[in-house]
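The structure appears below as C-alpha cells.
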Amino acid sequence: MPELPEVETVCKGLSGVLEGRRLVHVALHRPDLRVPFPAGFADRLTGRMVTAVRRRAKYYQWLLDDGWAVVGHLGMSGTFEVSPPGSNRPPPGKHDHVVIETDAGAIVTFRDPRRFGLMTLIPQAELETHPMLADIGPEPLDDVFDGAMLVAGLAGRRGPIKPALLDQKVVAGIGNIYACEALFRAGISPRRGCDSITGKRAARLVAALKAVLCEAIASGGSSLRDHRTVNGELGYFQHSFAVYGREGDPCPGCDCPGGTVQRIVQAGRSTFFCAKRQR
DNA sequence: CACGAACCCTGGCTGC
DNA sequence: TGCAGCCAGGGTTCGT
C-alpha cells in the first residue's frame with residue numbers, strides 16, 4: 001500500500017544512491033509491468049546520469065542528464081532494494097523485474113510481486129502535461145494547500161468525502177489508509193457529503209491530512225535507517241494506524257468511550273472509522 | 001460530468 | 001494437509 005509517505009521515503013532513500021551517479025548496467029527481467037517498458041528502456045538508461053530524484057503524488061521521478069525522466073509507480077507491492085557498493089550481490093529473485101548498477105557499484109533492484117507498478121520514460125518538459133501526470137491535484141504537503149483549495153477540489157461532487165479523497169484529482173498521493181486515518185484524526189465521518197466539507201471542517205481535514213502524512217514520513221525516515229542496516233530494502237513500513245485494519249477494536253479516541261472501529265465498504269473499498277467520534 | 005464497478009495481478013489467509 | 005476461493009488495492013477503462 002505505498003501511498004505518498006512511502007513513495008517519499010523511497011525517493012529519499014534512492015536520492016542518496018542515484019543522484020549524481022551514472023547508471024552503468026540496467027537489466028530487465030520481463031517486458032512489462034502494468035504497462036510495457038518503453039522500447040529500448042534498458043539501453044536508454046545505460047550510461048545516463050541521474051541528476052535528481054523527485055516525487056509527484058505517488059510517482060517517483062528520476063531526472064536524467066539527457067532531458068528525459070524515469071517515472072515510476074510502486075503499485076500495490078512495489079519495493080526497491082539497495083545493495084551498497086561492495087556488498088554481496090543477491091541473486092535476482094522471482095519478482096525482481098529491474099536491476100540497475102551505478103558507477104559507484106550500488107545495485108538498485110525493483111521488486112513487485114503483483115506487478116501493479118510501472119516504470120517508463122517521459123521527457124522532463126512533459127512532466128506537467130503528460131496524460132499520466134497532468135490531471136493530478138495539489139500536493140497535500142504544499143504550503144498553498146489549505147481548506148479553501150480542498151473545497152475547490154471537491155466542487156461539483158455530491159458523494160461521500162472518503163472516496164473523493166482517493167481521487168488523485170482532488171488531492172495527490174492519498175490512498176485508502178491515509179484517507180481513513182485523516183478522517184479519523186479530523187473527527188469527520190467518511191460518509192459525510194463532499195458538499196458539507198467547507199469552512200473550518202475543511203481546514204480541519206487538511207490539517208489532519210498534513211499531520212498523518214508528516215508523521216508517516218518521519219516514521220518511515222527513521223525506520224529506513226534501521227531497515228537498511230538489515231537488508232537495505234526501500235518500500236513501505238509498518239506504521240501503527242489508529243483505525244485502518246482495526247475493525248472491532250475499541251476506538252483509540254479518548255473522548256468517545258464505548259466507541260468501536262467499524263468497517264464499511266465505499267466505492268468497493270474498505271473504510272475503517274468510529275461512528276461515535278467521527279460525525 | 002460524476003461515480004461506481006470490473007479489471008489487472010499474486011501472496012496470504014480462510015474454510016472446507 | 002491440500003486446495004479452492006476470496007481479499008487486498010492504485011489506476012485505468014468502461015458503463016450508467
Side-chain angles (χ1 to χ4, degrees), chain A residues 1-11 28-37 55-61 71-81 92-98 110-120 122 127 130-137 139-140 150-183 190-197 209 213 216 233 235-239 241 243-248 261-273:
Chain A
M1 302 139 251
E3 303 182 25
L4 185 154
E6 289 76 21
V7 181
E8 182 71 22
T9 301
V10 165
C11 286
L28 295 190
H29 294 155
R30 54 175 301 118
D32 56 28
L33 294 170
R34 197 178 81 216
V35 299
F37 289 104
R55 179 193 59 76
R56 170 72 170 121
K58 299 173 192 169
Y59 293 89
Y60 60 84
Q61 306 177 347
V71 177
H73 197 291
L74 301 173
M76 260 287 293
S77 57
T79 56
F80 279 96
E81 185 180 71
K94 180 182 174 185
H95 303 296
D96 293 349
H97 309 308
V98 185
F110 180 61
R111 178 176 304 145
D112 185 8
R114 296 185 204 178
R115 304 208 303 273
F116 273 34
L118 67 87
M119 204 180 288
T120 194
I122 294 177
L127 286 176
H130 188 279
M132 186 181 292
L133 303 164
D135 295 329
I136 294 174
E139 285 290 328
L150 176 63
V151 171
L154 294 172
R157 286 181 173 265
R158 290 186 311 279
I161 179 63
K162 191 268 188 167
L165 288 177
L166 299 183
D167 187 337
Q168 301 299 295
K169 291 193 285 292
V170 172
V171 53
I174 309 301
N176 205 35
I177 293 173
Y178 295 108
C180 292
E181 294 296 312
L183 287 167
R191 294 193 270 224
R192 178 174 279 280
C194 290
D195 56 0
S196 74
I197 305 295
L209 279 167
L213 295 173
E233 193 154 315
Y236 43 91
F237 308 98
Q238 297 296 328
H239 303 300
F241 302 120
V243 288
Y244 185 83
R246 294 189 175 277
E247 181 180 17
V261 177
Q262 55 181 290
R263 185 183 81 98
I264 60 174
V265 175
Q266 296 179 289
R269 295 258 153 82
S270 289
T271 299
F272 298 88
F273 74 113

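Proteins come first, then strands; the chains are lettered A, B, ... in the order of their sequence lines, and each starts at number 1. The analysis underlying the following values was restricted to heavy atoms, covering all of them including side chains, and did not include hydrogens, waters or symmetry mates. If you're wondering where the values come from, they're calculated on a predicted model, not measured in any experiment.
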What is the separation between atom [atom1] on [X] and atom [atom2] on [N], rounded to the nearest whole Å?
X	N	atom1	atom2	answer
A:Tyr60	C:dG11	OH	P	13 Å
A:Tyr59	C:dG11	OH	P	5 Å
A:Glu3	C:dG10	CD	C1'	9 Å
A:Leu4	C:dG11	CG	P	11 Å
A:Leu133	C:dT12	CG	C1'	14 Å
A:Asp112	B:dC8	CG	P	17 Å
A:Ile136	C:dT12	CD1	P	8 Å
A:Glu247	C:dC7	CD	C1'	13 Å

Check against salt bridge (charged side-chain N to carboxylate O under 4.0 Å, His left out), A:Glu6 and A:Lys58: CA-CA 8 Å; A:Glu6 289 76 21; A:Lys58 299 173 192 169; over 6 Å; no

Minimum side-chain heavy-atom gap A:Leu213-A:Glu8 below 4.5 Å: no

Test item: A:Pro31 and A:Pro36 side chains (from C-beta on) under 4.5 Å apart, heavy atoms: no

Using the 3.5 Å cut-off, write out each protein N or O paired with an N or O of nucleotides 13-15 of chain C and the distance between them.
none

Salt bridge (Lys or Arg N to Asp or Glu O under 4.0 Å) involving A:Arg115 - partner list, sequence neighbours excluded: none

A:Pro160 versus A:Cys194, closest heavy-atom pair with distance: O-SG, 3.6 Å

Set of residues satisfying side-chain hydrogen bond (donor to acceptor under 3.5 Å, both in side chains) with respect to [X], sequence neighbours excluded:
X	answer
A:Arg34	none
A:Asp32	A:Arg30
A:Arg191	none
A:Gln61	A:Arg54

With sequence neighbours excluded, residues passing ring pair (Phe, Tyr, Trp, His ring centres under 6.0 Å) with A:His73: A:Tyr59

Most 5' of A:Arg34 and A:Ser270 on DNA chain C, judged by nearest nucleotide: A:Ser270

C:dG11 OP1/OP2 closer than 4.0 Å to side-chain N/O of A:Gln168: yes

Gap separating the CD atom of A:Glu181 from the CG atom of A:Asn176, nearest 0.5 angstrom: 10.5 Å

Donor-acceptor contact below 3.5 Å, side chain A:Arg56 vs main chain A:Leu133: no

Please produce a list of atom pairs where a protein N or O lies less than 3.5 Å from an N or O of nucleotides 9-11 of chain B.
residue, atom, partner, partner atom, Å
B:dC9, O3', A:Arg115, NH2, 3.3
B:dT10, OP1, A:Arg115, NH1, 2.8
B:dT10, OP1, A:Arg115, NH2, 3.2
B:dT10, O2, A:Arg114, NE, 3.4
B:dG11, OP1, A:His95, NE2, 2.6

Rounded to 10 degrees, the angle between the two terminal axes of the helix from B:dA2-C:dT16 to B:dC16-C:dG2, each from five pairs: 50°

With sequence neighbours excluded, residues passing side-chain contact (heavy atoms from CB on, under 4.5 Å) with A:Arg263: A:Glu247, A:Val265, A:Ser270, A:Phe272

Partners passing side-chain contact (heavy atoms from CB on, under 4.5 Å) against A:Pro190 (at least two apart in sequence or in another chain): A:Lys162, A:Leu183, A:Gln266, A:Thr271, A:Phe273, A:Gln278

Protein proximity profile, nucleotides 1-7 of chain B - base contact B, sugar-phosphate-only contact S, no contact -, cut-off 4.0 Å on heavy atoms: -SSSS--

